[in-house]
Amino acid sequence: MITGTMQRAMGVVPSSRLAEIIRNELTQKKLCSSFTQVARDRSASFLLSWYKDKCKVGNIAPRFVYFRSRSCCDLSFLDSVDHYFNKAAEISSVDKGLLAFIKACNSIIKFHVPLKRACGKLELIEGYRAQHSHHRLPVKGGIRLGPNVDANETMALAALMTYKCAVVNVPFGGAKGSVRIDPSKYTSTEKEAILRRYTVELVRRNYMGPAIDVPAPDYGTGSLEMAWIKDTYSFLRHTDINASGCVTGKPISEGGIQGRQEATGLGAFFVLREFFNDEDLVRKVGLTRGVKDKTFIVQGLGNVGLHASEFIHKAGGRIIAIAERHGGLVDETGKGLDIEVVKSYHKKNGTLNGLPNVKNITDTEKILELPCDVLIPAALESQIHSGNADRIKAKVIAEAANGPLTPAADKILEGKGVVILPDLLVNAGGVTVSYFEWLKNLNHIEFGRMTRRMEEHGKRVLLSALENQYGNGHKIPTSLRDELSRGNTEVDFVHSGLEETMVTGWENVKKTAQEKGCSFRKAAYLVAIERIAKSIGDQGIFP
Ligand code: NAD
């Protein structure tokens with residue numbers, strides 16, 4: 001039997017590490033091929049019970065028992081976030097009671113979504129929504145679809161949202177939602193039914209709305225899913241004039257904003273660009289200034305990983321390998337992968353396997369261990385853990401995913417002198433542009449609509465005046481005149497606001513790290529804690 005103690009212990013085992021051990025075990029028993037299929041995206045407890053069932057063992061094999069000791073294993077995702085918080089709290093001047101108040105998850109709901117499947121079977125699906133902090137309203141955070149999501153993971157992600165918003169000064173509290181399904185096993189119609197019912201469950205509990213809680217895309221969801229959510233909310237709250245602000249990451253036609261799709265990847269790029277512009281910092285890891293010609297490995301070619309890769313590629317960085325769920329690629333030309341080619345192949349085939357003129361690798365975890373300047377984990381949490389951290393050869397890690405490093409891995413890598421750019425800052429571009437989208441929805445007008453022509457007119461008048469005064473009869477060529485007099489569109493405002501936010505966020509984190517002599521992660525948590533404490537302190541505690 002798997003005992004309660006064992007089950008609790010499993011919560012602290014990263015499933016990828018356990019999968020590695022079980023895979024080795026099963027190779028000896030010649031059961032490995034079926035396990036590889038099972039291991040993807042499964043929780044530690046699922047893997048252990050699968051192992052027990054397959055190998056007909058009554059008790060857990062003794063070699064797994066050492067995972068029961070926390071000292072030799074990785075913390076769960078929620079414990080990791082709390083651990084990082086506690087480490088930063090130790091060097092803050094915030095009162096202990098207030099620290100406990102900031103850290104605690106304010107509320108979480110769990111409910112069941114009934115789904116009548118195409119085959120006629122009725123299925124009950126678990127849904128969660130955690131609202132971590134109400135110190136600012138609305139609260140904000142994505143909705144994730146995954147076979148292993150649970151209350152703890154949702155609370156960890158909600159807490160990260162609170163801290164992230166504080167680091168980049170976005171005036172929201174943190175939240176997160178999740179639906180426990182493997183999206184690849186459901187049709188689009190079924191997913192639509194699940195998400196519409198999920199929305200109804202939130203609305204009827206007063207857990208959603210432009211002034212209450214505003215979801216967004218996350219792992220497994222995108223603009224289409226946000227459109228379903230917005231449509232359902234608007235149907236239920238048809239008298240709410242601000243209904244389109246109930247969710248962000250929507251298609252443009254549904255009140256979305258230009259620039260949201262690439263926002264997280266572009267934000268990550270801005271942080272990397274700023275890091276590489278700091279000569280002292282890059283010299284410490286044996287690198288030179290500038291993104292150009294640096295080598296990058298990206299894990300996860302979804303929304304975040306793809307756009308980050310595109311901006312790096314445009315800036316002259318070389319993406320030398322990409323790890324995807326079902327296989328990855330390694331460049332053999334020395335010039336770096338052609339991201340446009342990789343992107344269209346992935347879009348067309350749903351996999352990277354089989355792309356010609358590159359080295360295809362099935363054991364994608366090994367890709368993370370290849371030598372490179374920068375590793376960008378952009379898939380899921382706990383991907384780098386006590387089991388593989390020692391083999392990571394990157395000089396810099398930019399956490400584009402939420403929580404991709406366990407604290408044990410963080411410690412090992414810091415000990416090796418690796419610079420870690422933390423998730424709280426690196427992937428904050430998504431929520432930043434979500435904030436702009438929400439503002440657009442409340443204003444009922446797109447950015448630039450009232451100013452673009454006026455700006456163009458002003459610039460043309462100025463150019464004509466310069467031409468007349470100093471042109472000596474020469475005319476400014478039409479194409480240059482058009483270029484110089486172009487007024488700002490919505491995407492110009494969004495990219496400019498995002499750049500300002502990310503660069504200021506980076507400067508604050510860097511300055512704090514230098515003043516306190518600590519890591520960028522600890523500095524980011526410290527900035528967040530002190531800002532939230534100030535906000536709560538200024539408001540006072542009701543009653
Ligand atoms: P996504 O669903 O668009 O893409 C994730 C990609 O990772 C998929 O292509 C998937 O196949 C791949 N993947 C899954 N497991 C993998 C594995 N073990 N190895 C390699 N690849 C694997 O999700 P996303 O929106 O890009 O989110 C990725 C991460 O970034 C998540 O941690 C999410 O919470 C975080 N994040 C996303 C946003 C956003 O705006 N989308 C904002 C902030 C943070």
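All ligand and atom numbering here is 1-based and tracks the order in the structure.
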Identify, by atom number and element, the atoms of ligand 1 in contact range of Ala400, meaning under 4.0 Å from any of its heavy atoms.
30 (O)
Against ligand 1, does Glu381 come closer than 4.0 Å with any heavy atom?
no
Using a strict threshold of under 4.0 Å (side-chain N to carboxylate O), is an ion pair present between Glu274 and Lys510?
no
Holding to side-chain hydrogen bond (donor to acceptor under 3.5 Å, both in side chains), I want the full list of residues that pass it with Asp423, two or more places apart in sequence or in another chain.
none
Taking distance alone, with no angle check, do Ala401 and ligand 1 share an N/O pair under 3.5 Å?
no
For ligand 1, which atoms sit closer than 4.0 Å to a heavy atom of Arg260?
40 (O)
Would His346 count as a polar contact of ligand 1, with the cut-off being nitrogen or oxygen pairs under 3.5 Å?
no
Does the side chain of Thr489 come under 3.5 Å of the side chain of Asp492 through a donor N or O and an acceptor N or O?
yes
Tell me whether Ala379 has any N or O atom under 3.5 angstrom from an N or O of ligand 1.
yes
Within the 3.5 Å criterion, strictly below it, is a donor on Glu381 or Tyr219 matched to an acceptor on the partner's side chain?
no
Looking at Leu157, Val304, Leu160, the heavy atom closest to atom 27 (O) of ligand 1 belongs to Val304
For ligand 1, which atoms have a heavy atom of Arg144 less than 4.0 angstrom away?
31 (C), 32 (O), 33 (C), 34 (O)
For Tyr207 and Ser107, test the side chains for any donor-to-acceptor distance below 3.5 angstrom and give the result as yes or no.
yes
Does only the side chain of Glu399 get under 4.0 Å from ligand 1, or the backbone, or both, or neither? Count heavy atoms.
neither
Do you see a donor-acceptor pair shorter than 3.5 Å between the side chains of Ser386 and Asp74?
yes
Relative to ligand 1, is Ala378 under 4.0 angstrom through side chain, backbone, both or neither, heavy atoms considered?
backbone
Cut-off 3.5 Å, side chains only: do Thr232 and Arg196 have a donor facing an acceptor?
yes
Assess whether a salt bridge exists between Asp410 and Arg521, defined as any Lys/Arg side-chain N lying under 4.0 Å from an Asp/Glu carboxylate O.
yes
For ligand 1, is any non-hydrogen atom under 4.0 Å from Asp423's backbone (N, CA, C, O), its side chain (CB onward), both, or neither?
neither
Any donor-acceptor pair under 3.5 Å linking the side-chain atoms of Gln131 with those of Asp213?
yes
Ligand 1 contact on Ala263 by region, counting heavy-atom pairs under 4.0 Å
neither
Report yes if the side chains of Val503 and Arg273 come closer than 4.5 Å at any heavy-atom pair, otherwise no.
yes
Return the option from Glu324, His307, Arg325 holding the heavy atom at the smallest distance from atom 12 (C) of ligand 1.
Glu324
Can Gln383 be said to touch ligand 1, with heavy atoms closer than 4.0 Å?
yes
Suppose we call two aromatic rings close when their centres sit under 6.0 Å apart. Are Tyr198 and Phe111 close by that rule?
yes
Proximal atoms of ligand 1 relative to Ala323 (non-hydrogen, under 4.0 Å)
20 (C), 21 (N)
Any nitrogen or oxygen of Lys164, main chain or side chain, under 3.5 Å from a nitrogen or oxygen of ligand 1?
no
Heavy atom under 4.0 Å from ligand 1: found in Asn427's side chain, backbone, both, or neither?
both
Please report whether ligand 1 has a polar contact with Lys176, defined as an N or O pair separated by less than 3.5 Å (distance criterion only).
no
Are Ser133 and Thr162 close enough that a side-chain donor and a side-chain acceptor fall under 3.5 Å?
no
Would Glu365 count as a contact residue for ligand 1, given that I'm defining contact as a non-hydrogen atom of the residue lying under 4.0 Å from a ligand atom?
no
